[in-house]
Amino acid sequence: MRSRTYVEAALRRAVAELGWTWPEKATVEAPKRPEHGDLATNVALVLPQEAGGNPRIRAEALRERLVADYAPNLAAVDVAGPGFLNLTLSPAFWQGTITRVMEDPCFGKSSLGQGKKAQVEYVSANPTGPLHIGHGRGAAVGDSLARILRFAGYEVHTEYYLNDAGRQMRLLGLSVWVRYQQLCGRQLPFPEDGYQGDYIAHIAARIHRERGEELLSWDEATAQDFCYQEGMNEILEGIRQDLRHFRAEHEVWFSEKSLVEAGAVAATLADLQAKGFAYEHEGALWFASTRFGDDKDRVLRKSDGSLTYFASDIAYHAHKIGRGYDLMIDIWGADHHGYVPRMKAAIAALGKDPESLQIILVQLVNLLREGQQVAMSTRAGTFETLADVCAEVGVDAARFLFLSRKSDAHLDFDLEVVKRQSMDNPVYYVQYAHARIRSLQRKAREAGIGLPEKPVPELLALLATPEDLALLKALDGFGDAVELAARTLSPHHVSYYLMELAGLLHRYYTEHPVLAAEEPALRDARLLLLEAVRRVLARGLDLLGVDAPTRM
RNA sequence: GCGCAAUUAGCUCAGUUGGAUAGAGCGUUAGCCUCCGGAGCUAAAGGUCGCAGGUUCGAUUCCUGCAUUGCGCACCA
């Protein structure tokens with residue numbers, strides 16, 4: 001059991017024994033200052049007045065209980081300030097962390113999401129062109145979040161919502177079709193709002209290569225539809241490849257078109273109308289989102305009879321609800337934040353708690369090179385696509401950078417800095433810690449030194465320097481870090497945790513020789529400690545989708 | 001004009017949802033290579049947490065107002 005859980009259980013028991021009830025506002029947390037002990041609680045401060053006495057007197061009563069009941073694991077219990085209780089755990093408790101890491105293959109896993117189903121929908125970019133760097137950030141956040149939630153006990157599914165119906169898609173078909181005709185020698189103006197990218201021309205050229213001028217003899221609609229299909233398939237294949245390479249693979253690719261063709265959109269609109277949440281006005285069908293806190297009502301079906309994207313988005317989310325998710329997470333570009341209230345309104349109108357939909361807004365990525373902004377034109381060839389950026393800086397560095405900031409904060413992505421292998425770029429710092437341990441273990445093996453069979457207490461008791469205890473406490477905190485990341489849907493907490501653990505490891509490494517330790521027993525104890533650190537580093541990096549290298 | 005977010009060290013950013021004397025990295029300065037990987041380590045300097053009020057035992061954190069910046073405000077996607 002990790003320290004926080006252990007101490008909270010002890011406190012709860014003491015509170016109950018004194019005839020009080022545990023207040024919701026009570027917290028148990030690691031204080032900032034080490035002289036305030038390993039864990040501190042405000043429970044005596046937040047107990048209701050009826051408990052009697054003042055906070056300091058209540059704290060004193062709790063202290064006596066704790067000292068009586070938990071003597072061997074508690075080294076000290078102090079009442080401080082207005083009534084804080086500061087608890088210090090004994091070295092033996094911390095040393096036990098190694099046993100917990102070594103014997104539990106899922107060390108740090110939490111039961112936060114036990115029995116709950118969650119879905120993470122991310123990227124979901126329209127297949128009208130290759131993924132760019134901003135999509136990469138969404139991909140890193142979505143994929144890592146899925147890993148973290150899974151580790152926090154949720155049953156998680158990942159999904160890509162494919163907008164393969166509607167205007168953008170027709171425009172893609174048209175763009176390819178016009179390029180194709182130009183290749184055939186027809187003088188045609190390029191549509192004003194068409195897609196300009198080189199990849200459109202490539203697709204047209206491939207069709208021209210494979211089919212010659214055959215399409216010219218087809219009727220316009222068939223040819224354009226063919227161009228659309230070919231174009232989308234090729235672009236989609238590229239997107240799939242980019243995501244696979246980026247280690248962000250979706251389990252389900254959900255087609256908007258399939259939703260429309262199955263009549264799900266019409267059914268959802270009818271449902272909303274039946275509930276009185278949708279109404280006709282000036283020839284259009286409106287959703288009464290103002291009834292759920294939105295600024296204004298929103299159009300579902302335009303007066304020309306066509307559906308808005310919002311209509312199919314609602315139907316899509318109705319479909320998600322139907323699949324029984326307790327938690328639905330959508331990852332959107334921050335420029336869509338104005339869309340959040342209406343989507344939440346839709347969830348409420350569908351009869352589901354709007355809190356079950358969590359929308360993570362991922363801010364824009366500012367791509368730089370040596371501090372200079374890289375032009376984000378739609379032209380290929382500049383370093384703007386996700387694939388190009390990964391080719392230049394590597395997947396690990398890109399992912400770690402994306403995951404070391406809050407999602408909802410602008411991010412400067414300086415290609416030169418991300419390539420630099422220094423503390424500017426902490427991915428190497430963390431990976432180096434892992435590689436260092438591996439290297440040490442290789443050396444040990446070469447010298448015929450193996451890891452001890454079992455982490456027995458007599459061995460672990462040798463780990464008693466401040467550096468030992470700092471590492472042990474950090475290992476103990478892994479579960480808290482993961483739980484925090486899961487609860488706040490913020491993978492960056494895992495990154496920060498790993499940087500801290502790596503820092504402690506590097507310090508330990510320079511401070512305490514392992515293979516050259518004074519005694520074999522001490523050497524063995526340190527080997528155990530480092531292996532425990534290595535496992536946690538590897539697990540943490542895995543939650544970010546970053547490699548834990550054996551050598552660098 | 002309305003809405004959403006951001007504002008913390010010279011720079012880039014954390015800050016566990018209200019806790020005690022504010023945290024990292026970079027940069028700067030001063031140190032550490034007979035030693036398991038120096039892609040590393042130690043130490044110092046650096047702060048009115050944008051400003052002003054409020055809520056309470058206690059505020060960087062919550063509320064209100066203001067300022068600056070970014071982004072949204074379609075029968076577009």
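Just so we're clear, the structure is a prediction, and the values are computed from it rather than from any experiment. A note on names: the letters A, B, ... follow the listed sequences, proteins ahead of strands, and every chain is numbered from 1. Keep in mind that the numbers below use all heavy atoms, side chains included, and drop hydrogens, waters and symmetry copies.
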Practice prompt. Could you work out the separation of B:U60 and B:U7 based on their C1' atoms and round it to a whole Å?
Written response: 11 Å
Worksheet item: Choosing from B:A39, B:A20, B:U16, which nucleotide comes nearest the side chain of A:Tyr432?
Response: B:A39
Fill in: Span that lies between the P atom of B:A9 and that of B:A22, in whole angstrom
14 Å
Discussion item. Taking donor-acceptor contacts at under 3.5 Å, does the side chain of A:Ser303 reach the base of B:C75?
Written reply: yes
Response to the item:
Rounded to whole Å, CG of A:Leu401 lies from P of B:U12 at a distance of 14 Å
Worksheet item: Can you tell me how far C1' of B:U69 sits from CG of A:Asp408, to the nearest Å?
Response: 14 Å
Practice prompt. Round to a whole Å and report the spacing from CZ of A:Phe402 to P of B:C13.
Written response: 14 Å
Item to complete: Report the nucleotide, chosen from B:C41, B:A14, B:C76, that has the shortest atom-to-atom distance to any side-chain atom of A:Arg167.
Response: B:C76
Discussion item. Would you say A:His512 places a side-chain N or O within less than 4.0 Å of OP1 or OP2 belonging to B:C36?
Written reply: no
Discussion item. Tell me the interatomic distance from A:His506, atom NE2, to B:C33, atom P, rounded to whole angstroms.
Written reply: 20 Å
Discussion item. Check A:Arg507 with A:Glu467, please: is the shortest side-chain N to carboxylate O separation under 4.0 Å?
Written reply: no
Fill in: Assigned glycosidic conformation for B:U48 [threshold 90° from 0]
anti
Worksheet item: Taking the same atom, P, in B:A6 and in B:C63, what whole-Å distance lies between them?
Response: 11 Å
Worksheet entry | Check against salt bridge (charged side-chain N to carboxylate O under 4.0 Å, His left out), A:Arg301 and A:Glu280 | CA-CA 9 Å; A:Arg301 193 182 57 234; A:Glu280 303 264 359; 3.1 Å; yes
Worksheet item: Any idea which of B:G15, B:U17, B:G37 is nearest the A:Thr488 side chain?
Response: B:U17
Discussion item. At 4.0 Å (heavy atoms only), tell me whether A:Gln363 reaches a base, stays on the sugar-phosphate, or touches nothing.
Written reply: nothing
Discussion item. OP1 or OP2 of B:A74 versus the side-chain N and O atoms of A:Tyr309: is any pair under 4.0 Å?
Written reply: no
Fill in: Ion pair check, A:Lys443 and A:Glu446, cut-off under 4.0 Å
no
Discussion item. Measuring only the C1' atom in each nucleotide, how far is B:U42 from B:U61? A whole number of Å is fine.
Written reply: 33 Å
Worksheet item: Is the ring of A:His337 stacked on the base of B:G3, with centres less than 5.5 Å apart and planes under 30° off?
Response: no
Worksheet entry | Aromatic plane relationship, A:Phe151 with A:Phe478 - under 30° parallel, 30 to 60° tilted, over 60° perpendicular | tilted
Discussion item. If I pick the C1' atom on B:G25 and the same atom on B:U8, what distance separates them, to the nearest angstrom?
Written reply: 15 Å
Discussion item. Taking the cut-offs as 6.0 angstrom to the six-membered ring centre and 45 degrees off its axis, would you call A:Arg291 and A:Phe277 a cation-pi pair?
Written reply: no
Worksheet item: Using the rule for Phe, Tyr, His and the six-membered ring of Trp, do A:Phe84 and B:A20 stack at under 5.5 Å and under 30°?
Response: yes
Worksheet item: NA contact type, A:Leu484, heavy-atom cut-off 4.0 Å: base, sugar-phosphate, or nothing?
Response: sugar-phosphate
Worksheet item: Within this structure, what is the CE-to-P distance between A:Met552 and B:G37, rounded to whole angstrom?
Response: 14 Å
Worksheet item: So what does A:His493 hit on the nucleic acid, given a heavy-atom distance under 4.0 Å: a base, only sugar-phosphate, or nothing?
Response: sugar-phosphate
Fill in: Side-chain N or O of A:Lys443 closer than 4.0 Å to phosphate OP1/OP2 of B:C35
no
Discussion item. Please classify B:C73 as syn or anti, treating any glycosidic angle within 90° of 0 as syn.
Written reply: anti
Worksheet item: Looking just at side-chain N and O atoms, do A:Asp396 and A:Gln431 make a donor-acceptor pair shorter than 3.5 Å?
Response: yes
Worksheet item: In whole angstrom, what separates A:Arg405's CZ from B:C13's C1'?
Response: 5 Å
Item to complete: May I ask you to verify if any side-chain N or O of A:Thr308 is less than 4.0 angstrom from the OP1 or OP2 atom of B:C75?
Response: no
Discussion item. The side chain of A:Arg487 is closest to which nucleotide in this list: B:U17, B:A14, B:G19?
Written reply: B:U17
Discussion item. I want to verify a distance call: between B:C36, B:A20, B:C13, whose nearest atom is closest to the A:Tyr496 side chain?
Written reply: B:C13
Discussion item. Is it the case that the side chain of A:Ser289 and the backbone of A:Lys296 share a donor-acceptor pair, with hydrogens and angles ignored and the cut-off at 3.5 Å?
Written reply: yes
Item to complete: Please report, rounded to the nearest Å, how far the C1' atom of B:A14 is from the CG atom of A:Leu411.
Response: 14 Å
Fill in: Separation of atom CG in A:Leu498 from atom P in B:G25, rounded to whole Å
16 Å
Item to complete: Please confirm whether any donor atom in the side chain of A:Thr510 sits under 3.5 Å from an acceptor in the base of B:G40, or the reverse.
Response: no
Worksheet item: Judged by atom type as modelled, is there a donor-acceptor pair below 3.5 Å linking the side chain of A:His434 to the main-chain atoms of A:Leu537?
Response: no
Discussion item. Taking any heavy-atom pair under 4.0 Å as a contact, classify A:Leu364: base, sugar-phosphate, or nothing.
Written reply: nothing
Worksheet item: Roughly how far apart, to the nearest Å, are B:U55 and B:G46 at atom P?
Response: 35 Å
Item to complete: Pick base, sugar-phosphate or nothing for A:Ala40, based on heavy-atom distances below 4.0 Å to the nucleic acid.
Response: base
Worksheet item: Is the distance between the ring centroids of A:Tyr316 and A:Phe254 less than 6.0 Å?
Response: yes
Worksheet item: According to the interplanar angle, ranging from 0 to 90°, do the rings of A:Phe413 and A:Phe402 count as parallel (below 30°), tilted (30 to 60°) or perpendicular (above 60°)?
Response: tilted
Item to complete: Using a cut-off of strictly less than 4.0 Å, decide whether A:Lys296 has a side-chain nitrogen or oxygen near OP1 or OP2 of B:G3.
Response: no
Discussion item. What's the gap between B:U16 and B:G53 when it is taken at their P atoms, as a whole Å value?
Written reply: 25 Å
Worksheet, complete the sentence: Considering only heavy side-chain atoms of A:Lys302, the closest of B:C76, B:G37, B:G19 is B:C76
Discussion item. What's the gap between B:A39 and B:U34 when it is taken at their P atoms, as a whole Å value?
Written reply: 16 Å
Worksheet item: Which range-with-range stems can be found for RNA chain B when each stem has 3 or more Watson-Crick or G-U pairs in a row and both distances sit under 3.5 Å?
Response: B:1-7 with B:67-73, B:10-13 with B:23-26, B:28-32 with B:40-44, B:50-54 with B:62-66
Worksheet entry | Residue mapping more 5' on RNA chain B - nearest nucleotide basis, A:Arg4 or A:Ala334 | A:Arg4
Worksheet item: Between A:Arg298 and A:Ala80, which has a closest nucleotide on RNA chain B that is more 5'?
Response: A:Ala80
Worksheet item: Looking for any heavy atom pair under 4.0 Å, which part of the strands does A:Asn163 touch: base, sugar-phosphate only, or nothing?
Response: nothing
Worksheet, complete the sentence: From the candidates B:U16, B:G37, B:G70, the one with an atom nearest any side-chain atom of A:Tyr509 is B:G37
Discussion item. With hydrogens left out and only the distance checked, is there a donor-acceptor pair under 3.5 Å joining A:Asn86's side chain and the base of B:A20?
Written reply: yes
Practice prompt. If the plane angle is over 60° it's perpendicular, under 30° parallel, otherwise tilted; pick one for A:His336 and A:Tyr339.
Written response: perpendicular
Worksheet entry | Check: A:Arg526 side chain, A:His512 main-chain N or O, donor-acceptor pair, under 3.5 Å | no
Worksheet item: Which nucleotide, B:U17, B:C75, B:G40, lies nearest any side-chain atom of A:Tyr429?
Response: B:G40
